[in-house]
A.B. asks: 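The structure under discussion is supplied below as structure tokens; questions concerning it will follow.
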Amino acid sequence: WAGPGARGESRLERAAASASASVALALERGDAIEWVASVGGEEEVIAGRELPAEWLEPPRAPQSEPRWERLDRPGTMWVTDAAPLTGPRRAGVAASGGAAVPGPIASPGTLRLDWDGERIVESPEPADARRLAIDVEVPELLRELIRIWAKDRSIELAGDFAGASLVVTCARCSSGTVVPAKAGRDGWITSGEAAREGALDADPELGALEPWLSVDLAGGETAGVVTWTPGRIDIAWLDLHEVAGDPAAFAVSWSELLDAALLPAEGVVALSERLDAGPALVRAPAEPPEPAGWNERTLPPDALLAVLAAVLTLAALGLRA
């Protein structure tokens, strides 16, 4: 680990290096290898000898813990900063461990809150500027509300989506299927025309979008007219009429959604990820069982393929010691 001011080595990089002996053994045996990453609750699988380098980069959005129990099997290696408390029964573990890493933990507006190892303090330095990008097809009523929200939080408006801390899209606006849509929540109701919900591709770095506002369609179907995940909000409204009910509640609802979806400033990591990760641990996985009906006399040397899975957790993605 490098000292203050140096890039150093992340916990994830250290853990991946700890797993190298098991990977080398699997390659020597001629085993097939798969790397499994947990992103936004989804699993991405890539076959190959080498860990994808991009998986070692800090994530754009905070990530949840992998579903460890799905990968507790022989021939599998967990790569993490600290093994889950329950621990694996059949899988191996390569845990980096590591001391606490003080640093930024929150960025409300231009304020930056740091953890100094014992307490939370306000940094004399402002948080890095964050940028917001809005699709031109988002209805003007919402565009204006979002611009007001951004100005209140000192968030810059971006001309493109690249590198934005929040992207508001209208991915279905050009679908060609338009339906009347009336929906509301939190004491307000609005109506207009919306693009009928189609398949929305999950962002590989952000994960699948979850519904925030849905409408009822003919035939008992429902359509999500507003869906979101940290870093992105997608709106299916093509046109909005006046808001009925409490206009103030309408603004508050949207502000809460925008606050929840806005990614933290660069370098900000949740306090739980900066705490002491304990001692390092390396334990080889249990050997995969031989296929039924085969034995050591009849088994060809290159016939048995075991899968070595490295599960990349958020544990310290983005933490630089």
A.B. asks: Would you give the length of the straight line joining atom CD1 of Ile33 to atom CG of Asp31, rounded to the nearest 0.5 angstrom?
C.D. replies: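 Rounded to the nearest 0.5 Å, the CD1-CG separation comes out at 7.0 Å.
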A.B. asks: Under 4.5 Å between side-chain heavy atoms, counting indirect links through other Ile/Leu/Val/Met/Phe/Trp/Tyr residues: same cluster for Leu56 and Val23 or not?
C.D. replies: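 Yes: a chain of side-chain contacts under 4.5 Å links Leu56 to Val23.
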A.B. asks: Set out, in order, the CA-CA distance, both residues' side-chain angles and the distance that settles side chain to side chain contact (heavy atoms under 4.5 Å, CB included) for Val121 and Trp115, then state yes or no.
C.D. replies: CA-CA 6 Å; Val121 297; Trp115 178 60; over 6 Å; no
A.B. asks: Drop me the distance from Asp128's CG to Thr110's OG1, to the nearest 0.5 angstrom.
C.D. replies: 11.5 Å
A.B. asks: For Ser253, is there any backbone N or O sitting under 3.5 Å from a side-chain donor or acceptor partner on Glu256?
C.D. replies: no
A.B. asks: Give a yes or no on whether Glu28 atom CD has more than 12 heavy-atom contacts from other residues, nucleotides or ligands under 6.0 Å away.
C.D. replies: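 No, the 6.0 Å shell around CD holds no more than 12 heavy atoms from other groups.
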A.B. asks: Would you say that Lys182 contacts His241 through its side chain, given a criterion of any heavy-atom pair below 4.5 Å between the two side chains?
C.D. replies: no
A.B. asks: Decide if atom CD of Glu54 counts as having more than 12 heavy atoms of other residues, nucleotides or ligands within a radius under 6.0 Å.
C.D. replies: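 Yes, enclosed.
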A.B. asks: With rounding to the nearest 0.5 angstrom, report the CD1 to CD1 distance, Ile105 to Ile120.
C.D. replies: 3.5 Å
A.B. asks: How about Val226 and Trp237: do any of their side-chain heavy atoms sit closer than 4.5 Å?
C.D. replies: yes
A.B. asks: Got Leu258 and Leu166 here, is their nearest side-chain heavy-atom distance under 4.5 Å?
C.D. replies: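 Counting from C-beta outward, Leu258 and Leu166 do come under 4.5 Å.
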A.B. asks: With the side chain counted from C-beta on, respond yes when Asp259 and Leu257 share a heavy-atom pair under 4.5 Å apart, and no when they do not.
C.D. replies: no
A.B. asks: Quick check: closest heavy atoms across Ala249 and Asp186, and the distance to 0.1 Å?
C.D. replies: CB-O, 3.2 Å
A.B. asks: State whether Glu140 and Arg147 are salt-bridged, where the test is any N-O pair (Lys NZ or Arg NE/NH1/NH2 against Asp/Glu carboxylate O) under 4.0 Å.
C.D. replies: yes
A.B. asks: So, for Ala181 and Ala194, which heavy atoms are closest and what is the spacing to 0.1 Å?
C.D. replies: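 Taking every non-hydrogen atom into account, CB-CB, 3.7 Å.
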A.B. asks: Which atom pair, heavy atoms only, marks the closest approach of Arg11 to Ala99?
C.D. replies: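 Closest approach of Arg11 to Ala99: NH2-O, 2.5 Å.
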A.B. asks: Hey, does Leu240 have a side-chain heavy atom less than 4.5 Å from the side chain of Leu142?
C.D. replies: yes
A.B. asks: Would you kindly confirm whether Leu262 and Trp254 end up in one hydrophobic cluster when ILVMFWY residues are joined by side chain heavy atoms under 4.5 Å apart?
C.D. replies: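 The answer is yes; both residues are in one hydrophobic cluster.
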A.B. asks: Assigning hydrophobic clusters by single linkage (Ile, Leu, Val, Met, Phe, Trp, Tyr; side-chain heavy-atom cutoff under 4.5 Å), is Val168 placed with Leu157?
C.D. replies: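 Same cluster: Val168 reaches Leu157 through Ile, Leu, Val, Met, Phe, Trp or Tyr contacts under 4.5 Å.
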A.B. asks: Would you check, one step at a time, whether the test side chain to side chain contact (heavy atoms under 4.5 Å, CB included) holds for Glu122 with Leu111?
C.D. replies: CA-CA 7 Å; Glu122 182 178 336; Leu111 182 65; 3.0 Å; yes
A.B. asks: Leu271, Leu113: one ILVMFWY side-chain cluster at the under-4.5 Å cut-off?
C.D. replies: yes
A.B. asks: Between the side chain of Asp234 and the main-chain N/O of Ala171, is any donor-acceptor distance below 3.5 Å?
C.D. replies: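 At least one qualifying donor-acceptor pair exists.
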A.B. asks: Can a donor-acceptor pair be found, under 3.5 Å and without considering hydrogens, that links the side chain of Arg90 to the backbone of Leu71?
C.D. replies: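 No; judged by distance alone, with no hydrogens or angles, the pair does not exist.
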A.B. asks: Decide yes or no for Val93 and Met77: does some side-chain heavy atom of the first lie under 4.5 Å from some side-chain heavy atom of the second?
C.D. replies: no
A.B. asks: Could you check whether any side-chain heavy atom of Trp188 comes within less than 4.5 Å of a side-chain heavy atom of Pro247, counting everything from C-beta outward?
C.D. replies: no
A.B. asks: Identify the two heavy atoms, one from Trp149 and one from Ser255, that lie closest to each other, and give their separation to 0.1 Å.
C.D. replies: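 Looking at all heavy atoms of both residues, the shortest contact is NE1-O, 3.8 Å.
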A.B. asks: Looking at Ala162, is its backbone amide N or carbonyl O close enough to the side chain of Arg131 to form a donor-acceptor pair, meaning the two atoms are under 3.5 Å apart?
C.D. replies: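 Here the side-chain-to-backbone pair exists.
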A.B. asks: Taking the six-membered ring for Trp, are Trp78 and Trp68 parallel (under 30°), tilted (30 to 60°) or perpendicular (over 60°)?
C.D. replies: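 Tilted, since the angle between the ring planes falls between 30° and 60°.
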A.B. asks: With side chain to side chain contact (heavy atoms under 4.5 Å, CB included) as the criterion, how do Val225 and Trp212 come out once you've worked through the C-alpha distance, each side chain's angles and the decisive distance to 0.1 Å?
C.D. replies: CA-CA 8 Å; Val225 289; Trp212 182 77; over 6 Å; no
A.B. asks: Looking only at atom types and distance, does a side-chain atom of Arg185 sit under 3.5 Å from a main-chain N or O of Phe250, one as donor and one as acceptor?
C.D. replies: no
A.B. asks: Between CZ of Arg14 and CG of Asp81, what distance do you get to the nearest 0.5 Å?
C.D. replies: 12.5 Å
A.B. asks: Can you check whether Pro104's main-chain N or O pairs, donor with acceptor, with Arg274's side chain at less than 3.5 Å?
C.D. replies: yes
A.B. asks: Report, as yes or no, whether the 6.0 Å neighbourhood of atom CD on Glu266 holds more than 12 heavy atoms from other residues, nucleotides or ligands.
C.D. replies: no
A.B. asks: For Ser123 and Arg112, test the side chains for any donor-to-acceptor distance below 3.5 angstrom and give the result as yes or no.
C.D. replies: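 Yes, Arg112 and Ser123 have a side-chain donor paired with an acceptor closer than 3.5 Å.
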A.B. asks: To the nearest 0.5 Å, what is the distance between CD1 (Ile134) and CD1 (Ile235)?
C.D. replies: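 These two atoms lie 8.5 Å from each other.
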A.B. asks: Report yes or no: do Leu27 and Ile46 belong to one cluster of Ile/Leu/Val/Met/Phe/Trp/Tyr joined by side chain heavy-atom distances under 4.5 Å?
C.D. replies: yes
A.B. asks: Looking at Arg89, is its backbone amide N or carbonyl O close enough to the side chain of Asp72 to form a donor-acceptor pair, meaning the two atoms are under 3.5 Å apart?
C.D. replies: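 Present.
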A.B. asks: With side chains defined as the heavy atoms from C-beta onward, is the minimum distance between Pro88 and Glu69 less than 4.5 Å?
C.D. replies: no
A.B. asks: So, taking the atom named OG1 in Thr76 and the one named CZ in Arg70, what distance separates them when rounded to the nearest 0.5 Å?
C.D. replies: 12.0 Å
A.B. asks: Apply side chain to side chain contact (heavy atoms under 4.5 Å, CB included) to the pair Val243 and Leu141, showing each step before the final yes or no.
C.D. replies: CA-CA 10 Å; Val243 177; Leu141 174 64; 4.1 Å; yes
A.B. asks: Is there a donor-acceptor pair closer than 3.5 Å between any side-chain N or O of Ser20 and the backbone N or O of Ala16?
C.D. replies: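 Side chain of Ser20 to backbone of Ala16: no pair is present.
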A.B. asks: What closest approach, in Å, do Ala265 and Ser107 show between heavy atoms, and which atom pair accounts for it?
C.D. replies: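 For Ala265 versus Ser107, the nearest heavy atoms are N-OG, 3.2 Å.
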A.B. asks: So, Asp114 side chain and Asp116 main chain: donor-acceptor pair closer than 3.5 Å or not?
C.D. replies: no
A.B. asks: Okay, side chain of Arg130, backbone of Ala127: is any donor-acceptor separation there less than 3.5 Å?
C.D. replies: no
A.B. asks: Of all the heavy-atom pairs spanning Asp135 and Cys170, show the shortest one and how long it is.
C.D. replies: OD2-N, 3.3 Å
